Every structure is written in C-alpha cells, then in structure tokens.
Number of protein chains: 2
Amino acid sequence: MSRPRAKLTNRFPGCPVESTLSFLDGKWKGVILYHLMEGTLRFNALRRKLPSVTQRMLTKQLRELEEAGIISRTIHPVVPPHVDYALTPAGRSLKPVIAALAVWGHENVICEDGRSTIRPFPEDGADAGAVESAA
Amino acid sequence: MSRPRAKLTNRFPGCPVESTLSFLDGKWKGVILYHLMEGTLRFNALRRKLPSVTQRMLTKQLRELEEAGIISRTIHPVVPPHVDYALTPAGRSLKPVIAALAVWGHENVICEDGRSTIRPFPEDGADAGAVESAA
DNA sequence: GCACATAGTGCCGAAAAGGATACCGTCAAT
DNA sequence: ATTGACGGTATCCTTTTCGGCACTATGTGC
C-alpha cells in the first residue's frame with residue numbers, strides 16, 4: 001500500500017532519477033531523512049524537529065520510509081513506549097544524494113514569505129535571438 | 001500558480017533538502033531534467049522520450065519548470081511550430097543533483113513488474129537486540 | 001481522581017495532482 | 001479533400017495527498 005503518489009517507475013523504464021525520487025517523494029521525507037542523517041531519533045524528538053507536521057503525517061511518512069527499507073523502526077518495549085528511528089544501510093547510502101540536495105538548496109534557494117524561489121543567476125538574461133515564451 | 005504540491009518550504013525553515021525537492025516534485029520533472037541535461041529538446045522529441053506521459057502533463061510540468069526558472073522555452077515562430085526546451089544556467093546548476101539521483105537510482109533501485117524496490121543491502125539483517133517493527 | 005507523556009490509529013473532508021479525451025490552427029504532402 | 005506533424009488548450013473525472021481532530025493504551029506523578 002501507499003507507494004508514494006503513484007510514482008510507478010515502470011512507466012518510463014530506465015530513468016534512475018525518477019526511481020530515486022519515488023523514494024524521496026512525500027511531503028516530509030526529505031526533512032526526515034535530513035535529520036536522521038545525523039543520528040537515531042525517537043518519534044517525538046523527530047516531531048519536535050518538524051513542528052508543522054501532524055502526528056498522523058509523520059507516522060505515515062515514517063512507515064513509507066520503513067516499508068521502502070530506508071529507515072528502521074525499533075520498538076523498545078518499555079512502559080512509556082520508546083521507538084527509535086534510524087537509517088538502514090540503504091538509507092545511509094542515500095547520504096550523497098541528500099547532501100547534493102542540501103547543497104543545492106542551500107546555495108540556490110531563497111525562501112521568502114511562504115515561497116521558495118531560485119536565486120537569480122547572473123547569466124540568466126542571455127537571449128539567443130528567438131522568442132522567449134511570453135508568460 | 002501551481003507551486004508544486006504546496007510544498008511550501010517556509011513551513012520548516014532551513015531545510016535545504018525540501019527546498020530542492022520542491023522544484024523536482026511533480027510526476028515527470030525528474031525525467032524531463034534528466035533528458036534535458038543532454039541537450040535542448042523540442043516538445044515532441046521530449047514526448048517521444050516519455051511515451052507514457054500525456055501531452056497535457058508534459059506541458060504542465062514544462063511550464064512549472066519554466067516558471068521556476070530551471071528551463072527555458074524558446075518559440076521559433078515558423079510555420080510548423082517549433083519550440084525548444086533547454087536548461088537555464090539555474091537548471092544546469094542542478095546537474096550534480098540530478099547526477100546524484102541518477103547514480104543512486106542506477107545502483108540501488110530494482111524495477112520489477114510495476115514496482116521499484118531498493119536493492120537489498122548485505123548488512124541489512126543486523127539486529128541490535130530490540131524489537132524490530134513487525135509489519 | 002486527574003492529567004501527562006509516549007507513540008500511535010481512525011475518520012472526515014478539502015484540495016491538489018494526475019489521466020483521458022477532445023479540440024484548435026497552420027501548412028505540407030498525398 | 002483528407003491526413004499528418006507540430007505544440008499546444010479545455011474540460012471532465014478519479015485518485016492521492018494532506019491536514020484536523022478525536023481517540024486509544026499504559027504507567028507515573030500529584
């Protein structure tokens with residue numbers, strides 16, 4: 001159940017980019033992995049790091065990541081429940097990918113009042129002579 | 001209009017990973033960029049590379065990428081319409097990101113009959129002593 | 001007796017994303 | 001006269017996603 005947004009990769013066989021994205025897709029997976037890269041976290045610890053995610057959504061995203069084999073969920077059967085989320089080896093192998101995403105986002109994205117835009121590139125006015133799409 | 005799936009990055013300030021993902025999100029953006037990395041393509045050329053995408057969706061995704069400033073759309077006003085899609089400098093700066101995604105997908109994703117799964121990792125049986133979530 | 005913390009689940013409903021299909025205009029070839 | 005290529009739109013409909021809220025269980029502390 002619940003493969004992320006029906007991103008079934010078989011529709012365009014051989015696109016490794018979409019294959020990877022299909023695992024990162026879902027509203028909070030990126031952030032979750034970003035935080036888990038730094039170490040194991042408990043459910044509520046993670047929740048505190050993502051203030052705007054509801055419990056329901058966090059659970060859902062974690063379950064999807066777990067089902068994909070990217071993170072592990074370890075239940076310590078103690079009296080106030082205690083559940084640890086950590087990266088599996090597969091999850092750890094995503095490190096360079098997450099890092100690349102983080103670097104680009106850090107360098108090129110400007111978040112201002114609710115929207116994120118790409119930092120303007122200097123060369124971005126170069127015209128080759130034809131008609132640019134007039135918005 | 002149409003920022004991708006309301007992935008408004010301001011909700012979790014300072015997550016560069018989601019910032020980047022917000023631009024790659026949308027069902028076909030990954031593949032589109034993957035193909036455009038290799039050079040300019042015309043609408044129908046792109047379409048032929050993505051057999052299962054409808055015209056409508058392709059247009060939509062291209063428009064979103066254009067709006068984001070990742071690709072450029074150049075109309076040559078000739079008689080059978082001729083429109084070129086190419087990466088902008090901003091789009092080209094995504095190359096390492098797309099490459100990272102492609103590498104990981106290539107190495108770790110197995111696409112079999114409609115589903116993509118992560119290639120099993122050898123170390124993936126290591127148990128630390130606690131209760132693994134029994135699905 | 002009551003509230004709190006932990007880690008969830010279930011149900012509802014709105015909104016968005018995605019897919020199918022049909023249609024547009026022009027020119028060239030058949 | 002019809003068909004095809006090109007690069008789209010418009011419309012409709014279904015699926016998915018996401019968010020809100022309430023509810024659960026257990027043990028501890030007040």
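Since the structure is predicted, the reported quantities are computational estimates derived from the model, not experimental observations.
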Handout entry: Atom pair distance, as rounded to whole Å: CE in A:M57 and C1' in C:dG10
Key = 15 Å
Exercise for the section: Name the closest nucleotide to the B:R63 side chain, picking from C:dG8, D:dC18, D:dT9. Expected result: D:dT9
Exercise for the section: Round to the nearest Å and state the distance from A:L58 atom CG to C:dA7 atom C1'. Expected result: 10 Å
Practice task
To the nearest Å, give me how far apart NZ (B:K60) and C1' (D:dG8) are.
Solution key: 15 Å
Problem - Under-4.0 Å side-chain N/O to phosphate OP1/OP2 contact, A:K27 with D:dG19 - result: yes
Handout entry: Short side-chain to backbone donor-acceptor contact, B:E66 and B:I71, under 3.5 Å
Key = no
Fill in the blank from the handout: To the nearest angstrom, the NZ-P distance between A:K29 and D:dT16 comes to 14 Å
Practice task
Assign each of A:V79 and A:R56 to its nearest nucleotide of DNA chain C by heavy atoms, then name whichever residue's nucleotide is nearer the 5' end.
Solution key: A:V79
Exercise for the section: Please determine, for the side chain of B:Q55, which listed nucleotide (D:dG19, C:dA7, D:dT9) has the closest atom? Expected result: D:dT9
Problem - Nearest-neighbour nucleotide for the B:R48 side chain, D:dC6, C:dT6, D:dG19 considered - result: D:dC6
Problem - Sugar-phosphate only, base, or nothing, as touched by A:P81 at under 4.0 Å among non-hydrogen atoms - result: base
Exercise for the section: Measure from CD1 on A:I75 to C1' on D:dA25 and round the result to the nearest Å. Expected result: 14 Å
Exercise for the section: Return the nearest nucleotide to the side chain of A:T59; candidates are C:dG8, D:dC18, D:dT9. Expected result: C:dG8
Handout entry: Whole angstrom value for the distance that separates P of C:dA5 from CZ of A:R42
Key = 13 Å
Handout entry: Note: B:R119-B:E107 ion pair, threshold 4.0 Å (strictly below)
Key = no
Handout entry: For atom CD1 of B:I32 and atom C1' of C:dG18, their distance in whole Å
Key = 13 Å
Practice task
Can you tell me the distance, in whole Å, between the CZ atom of A:R47 and the P atom of C:dG8?
Solution key: 11 Å
Handout entry: Beyond-backbone contact of A:P96 with B:W104, side-chain heavy atoms, under 4.5 angstrom
Key = no
Exercise for the section: Consider only side-chain heavy atoms of I, L, V, M, F, W and Y, link residues closer than 4.5 Å, and tell whether A:L41 and A:L50 are in one cluster. Expected result: yes
Problem - Mutual orientation of the aromatic rings belonging to B:Y85 and B:F43 [parallel < 30°, tilted 30-60°, perpendicular > 60°] - result: tilted
